[in-house]
Every structure is written in C-alpha cells, then in structure tokens.
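When reading the values below, keep in mind they use all heavy atoms of this one structure, side chains included, and skip hydrogens, waters and symmetry mates.
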Amino acid sequence: MIGERNRIITIANQKGGVGKTTTAINLATALAAIGERVLIVDLDPQGNASTGLGIERRDRKVSSYDLLVGTHTILDTVQETAVPNLYIVPSTMDLLGIEMEIAQQADRVFRLRRALNGAGATAFSYILVDCPPSFNLLTMNAMAAAHSVLVPLQCEFFALEGLSQLLETVDQVRRTVNPLLDIQGIVLTMFDSRNNLAQQVVNDVRTHLGEKVYHTLIPRNVRVSEAPSYGKPAILYDLKCAGSQAYLQLASEVIQRERQRKAAA
C-alpha cells in the first residue's frame, strides 16, 4: 500500500523541455517556504533537479539508484539542500543501467514504493518525484509509488497531443499497478502573453480538462532559466521575478486542493 502519512506527487511528462524539473524544484521550494517539510526524489539520470539545488556530482555518494536497487534506504540517501525544510535524494548516471539490473525482478515497478514506505519517508509531508522525459521503468516506479501525477505542459502547438498520450499512460498505470493514482493537476508552463497561440493552447486545455488545470500560469522568464546555473531555485535566486511569484501562487493552489481533497474524503 502507498503510505497515507504524506503526499507523494510524481511530476511527469514524456516530452522534454516543458519545465518539469524547474517545476519540481520551485514548487518544492515554495512548499518548504510555507512550512511544509518536502523531499524531492530525483529519478532522472541527467540529475538536473540535484544540480539545480546545488548538489555537486562529487557529493552524490549515494543516490536514487541505490534506493531502487535496495542497497540503501531513504535515511541513507537523503541530503539537505540550502533551502530550509527541503531535502533531496539526488540522481547519478548509474540510473541509466537500472532497467537491465532489475528488469527480470517481479517487483521491478514497486521498488520506489517500497522505499517510500520505509523508515524516514514519514518525516516529509510532501514527496515530489522528478521523472525522466520518457515513459520507462523509472517513470513506472514513480507512478506506482505516487498518490497523484502533476503534469507540466508547455503552451505550444503540440501540447494537447502529448498530453493525451500521458493521460493514457496514467490510465494504464491505474489499471495495472496503482488503482489509486490520480491526476493532481496540469500546470501550464512557459506562457508568453504576447503570443496568440499560447493563449489558444491555454483555452483549449482548460476546455478539455476543466478544473484539473491549475489557474496559475507559469510565464516564460529569463530569471527562472538562469537560476539552475547558480545551483539555486528561482525563488531563492530572484524572489520578485514573475516566475518565482507564479510558483508561490502554484504552491498555494496545491495546498488548497489538498485541503479540499481531505475535506471530501
């Protein structure tokens, strides 16, 4: 069973360059800033979430790879970040070989779920899992372990086509390994108010998915793009920029939806 003492949210989109890792880092930072204790599990072999939070590769002695192969626990792999209340299980390139190592194991899609049900995970009120930009065994592990999926969606022409594929994937996971998996929400990213096509995408997504789409629009923002090169979330790099303010607003929406969900339960 998935633990109920915290909220596990997988951040996924099989398309790259949609702001997935940026959303993971800055949503986690915003949640931590309002007092939540937050853990990011970096499941992307590229390790961008780890780098974006200032975790140097030489300091990643244990990682999410060790968590999945079962040699280490959450307690062993968690590292502090420069953000109070925000922790990370970093990623290394070792993850590239994980499929070959565990593909023949009967529990191959439940490795992360087991780890997040272990000692240490209950210390966090939110666990955000950053996935690679593909649908593979790592993404399956993330979805099998999660209560819900948060989908960053770039405001561009092919957005809806990619979204429909992802929603089919979520349905497949729900039917096969995690019947409780839900769509946490769709976050519209890289929005440019000067672009008529971007506004059309927003309208189309809201028409098709209604309340599943967050009200907050994450704007295309230079300061947000610069922040990872300094090993900082945008919210620490430049709190007043439009992107940082949008992520703070998104965190408020996430918290509000969680309150509504608990009230309805």
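Here the straight-line distance linking atom CD1 of Ile25 with atom CG of Leu27 works out to 11.0 Å at 0.5 Å rounding. Put simply, CG on Asp171 and CG on Leu167 are 7.0 Å apart, with the number rounded to the nearest 0.5 Å. Between the CD1 atom of Ile34 and the CG atom of Leu248 there is a distance of 8.5 Å, given to the nearest 0.5 Å. Annotation: the span from Lys212 atom NZ to Leu150 atom CG amounts to 10.5 Å, rounded to 0.5 Å. Rounding to the nearest 0.5 Å places CD1 of Ile8 at 9.5 Å from CG of Leu39.
In this structure, Asn178 and Met143 approach most closely via the heavy-atom pair ND2-O, 2.8 Å. Contact between Ala142 and Thr10 at its shortest, heavy atoms only, is O-OG1, 2.8 Å. The heavy-atom pair separating Ala144 from Val109 by the smallest distance is CB-O, 3.3 Å. Residue Ala49 comes nearest to Asp130 through the heavy atom pair CB-OD2, 3.7 Å, listed as atom of the first residue, atom of the second, then distance. Contact record, Asp44 with Ser91: O-OG, 2.5 Å, taken as the closest heavy-atom pair. When every heavy atom of Ile74 is checked against every heavy atom of Ala121, the shortest pair comes out as CG2-N, 4.1 Å.
In terms of modelled atom types and a separation under 3.5 Å, the side chain of Asn141 and the main chain of Arg108 share a donor-acceptor contact. Within the 3.5 Å criterion, the main-chain N or O of Pro233 finds no donor-acceptor partner in the side chain of Asn26. The backbone N or O of Ile235 lies less than 3.5 Å from no partner atom in the side chain of Thr29, so there is not a single donor-acceptor pair. Side-chain N or O atoms of Thr73 include one that pairs as donor or acceptor with a backbone N or O of Leu75 at under 3.5 Å. Looking only at distances, no side-chain donor or acceptor of Ser244 sits under 3.5 Å from a matching main-chain atom of Leu236. In this structure, the side chain of Asp182 does not engage the main chain of His147 through any donor-acceptor pair within 3.5 Å.
The local environment of CD in Gln104 is sparse, with at most 12 non-hydrogen atoms from other residues, nucleotides or ligands closer than 6.0 Å.
For the pair Thr22/Lys20, no side-chain contact is recorded, criterion being any heavy-atom separation below 4.5 Å from C-beta on. Looking at Asn48 and Pro228, their side chains never come closer than 4.5 Å, going by heavy atoms from C-beta outward. Looking at heavy atoms from C-beta onward, Asp238 lies out of side-chain contact with Glu226 at the 4.5 angstrom threshold. Contact check for Ile40 versus Leu86: side-chain heavy atoms found under the 4.5 Å cut-off. Between Tyr126 and Asn6 there is no side-chain heavy-atom pair separated by less than 4.5 Å. The closest side-chain heavy-atom distance from Gln79 to Ile55 is below 4.5 Å. Val83 places none of its side-chain heavy atoms less than 4.5 Å from the side chain of Asn85. Residues Leu128 and Val41 form no side-chain contact, since every pair of their non-hydrogen atoms from C-beta on lies 4.5 Å or further apart.
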side-chain contact (heavy atoms from CB on, under 4.5 Å) between Glu56 and Asp59, worked out: CA-CA 5 Å; Glu56 299 287 345; Asp59 295 328; 3.5 Å; yes
List the steps and the verdict of side-chain contact (heavy atoms from CB on, under 4.5 Å) for Val129 and Ile9. CA-CA 6 Å; Val129 185; Ile9 302 173; over 6 Å; no
Check against salt bridge (charged side-chain N to carboxylate O under 4.0 Å, His left out), Arg111 and Asp107: CA-CA 6 Å; Arg111 294 298 184 94; Asp107 66 344; 3.0 Å; yes
Show your working on side chain to side chain donor-acceptor pair (under 3.5 Å) between Thr189 and Gln154 and close with a plain yes or no. CA-CA 5 Å; Thr189 62; Gln154 188 175 357; 6.0 Å; no
Please lay out, stage by stage, how Asn195 and Gln199 fare under the test side chain to side chain donor-acceptor pair (under 3.5 Å). CA-CA 7 Å; Asn195 188 328; Gln199 187 59 60; over 6 Å; no
Intermediate values then yes/no, side-chain contact (heavy atoms from CB on, under 4.5 Å), Glu156 and Val201: CA-CA 6 Å; Glu156 62 164 26; Val201 169; 5.7 Å; no
Kindly indicate, with the supporting measurements, whether the criterion side-chain contact (heavy atoms from CB on, under 4.5 Å) is fulfilled by Cys155 and Met190. CA-CA 6 Å; Cys155 295; Met190 302 182 186; 5.8 Å; no
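Looking at Asp66 and Thr77, their side chains never bring a donor and an acceptor atom within 3.5 Å of each other. In this model, a donor atom of one side chain and an acceptor atom of the other lie less than 3.5 Å apart for Gln200 and Asp204. Under 3.5 Å, the side chains of Asp42 and Ser50 contain a donor-acceptor pair of N or O atoms. Side-chain contact of Thr71 with Tyr65: a donor-acceptor pair under 3.5 Å is absent, judged by distance alone. Between the side chains of Thr169 and Arg174, no donor-acceptor pair is found at a separation under 3.5 Å.
Partner of Leu153 under the side chain to side chain contact (heavy atoms under 4.5 Å, CB included) criterion, out of Ile218, Val18, Val205: Val205 alone. Evaluated for a side-chain hydrogen bond (donor to acceptor under 3.5 Å, both in side chains) with Ser148, the options Arg257, Arg261, Glu258, Gln184 yield exactly one hit, Gln184.
Lys232 meets the side-chain hydrogen bond (donor to acceptor under 3.5 Å, both in side chains) test with no other residue; sequence neighbours excluded. Thr176 pairs by the side chain to side chain contact (heavy atoms under 4.5 Å, CB included) definition with nothing, not counting sequence neighbours. In terms of the side-chain hydrogen bond (donor to acceptor under 3.5 Å, both in side chains) criterion, Arg220 has no residue partners (sequence neighbours excluded). Every residue meeting the side-chain hydrogen bond (donor to acceptor under 3.5 Å, both in side chains) condition with Gln14, not counting sequence neighbours, appears here in chain and number order: Gln165.
Residue pairs that meet the ring-ring contact (aromatic ring centres under 6.0 Å, His included) test with at least one member in residues 205-230, sequence neighbours left out, are Tyr230-Tyr237. Among residues at least two apart or in separate chains, there is no salt bridge (Lys or Arg N to Asp or Glu O under 4.0 Å) pair with a member in residues 76-101.
Following chains of ILVMFWY side-chain contacts shorter than 4.5 Å, one cannot reach Ile183 starting from Ile255, and the two form parts of different hydrophobic clusters. A continuous path of hydrophobic side-chain contacts links Leu95 to Leu67 [ILVMFWY only; heavy atoms under 4.5 Å]. Leu138 and Ile11 end up in different hydrophobic clusters when Ile, Leu, Val, Met, Phe, Trp and Tyr side chains are linked at under 4.5 Å. Residues Met93 and Val62 do not share a hydrophobic cluster, defined by chaining ILVMFWY side chains whose heavy atoms lie under 4.5 Å apart. Leu166 and Val187 are assigned to two separate hydrophobic clusters, defined by single-linkage of ILVMFWY side chains at heavy-atom distances under 4.5 Å.
With a 6.0 Å cutoff to the six-membered ring centre and a 45° limit on the axis angle, Arg37 counts as a cation-pi contact of Phe124.
Salt bridge annotation for Arg206-Glu211: absent, with no cationic side-chain nitrogen under 4.0 angstrom from a carboxylate oxygen.
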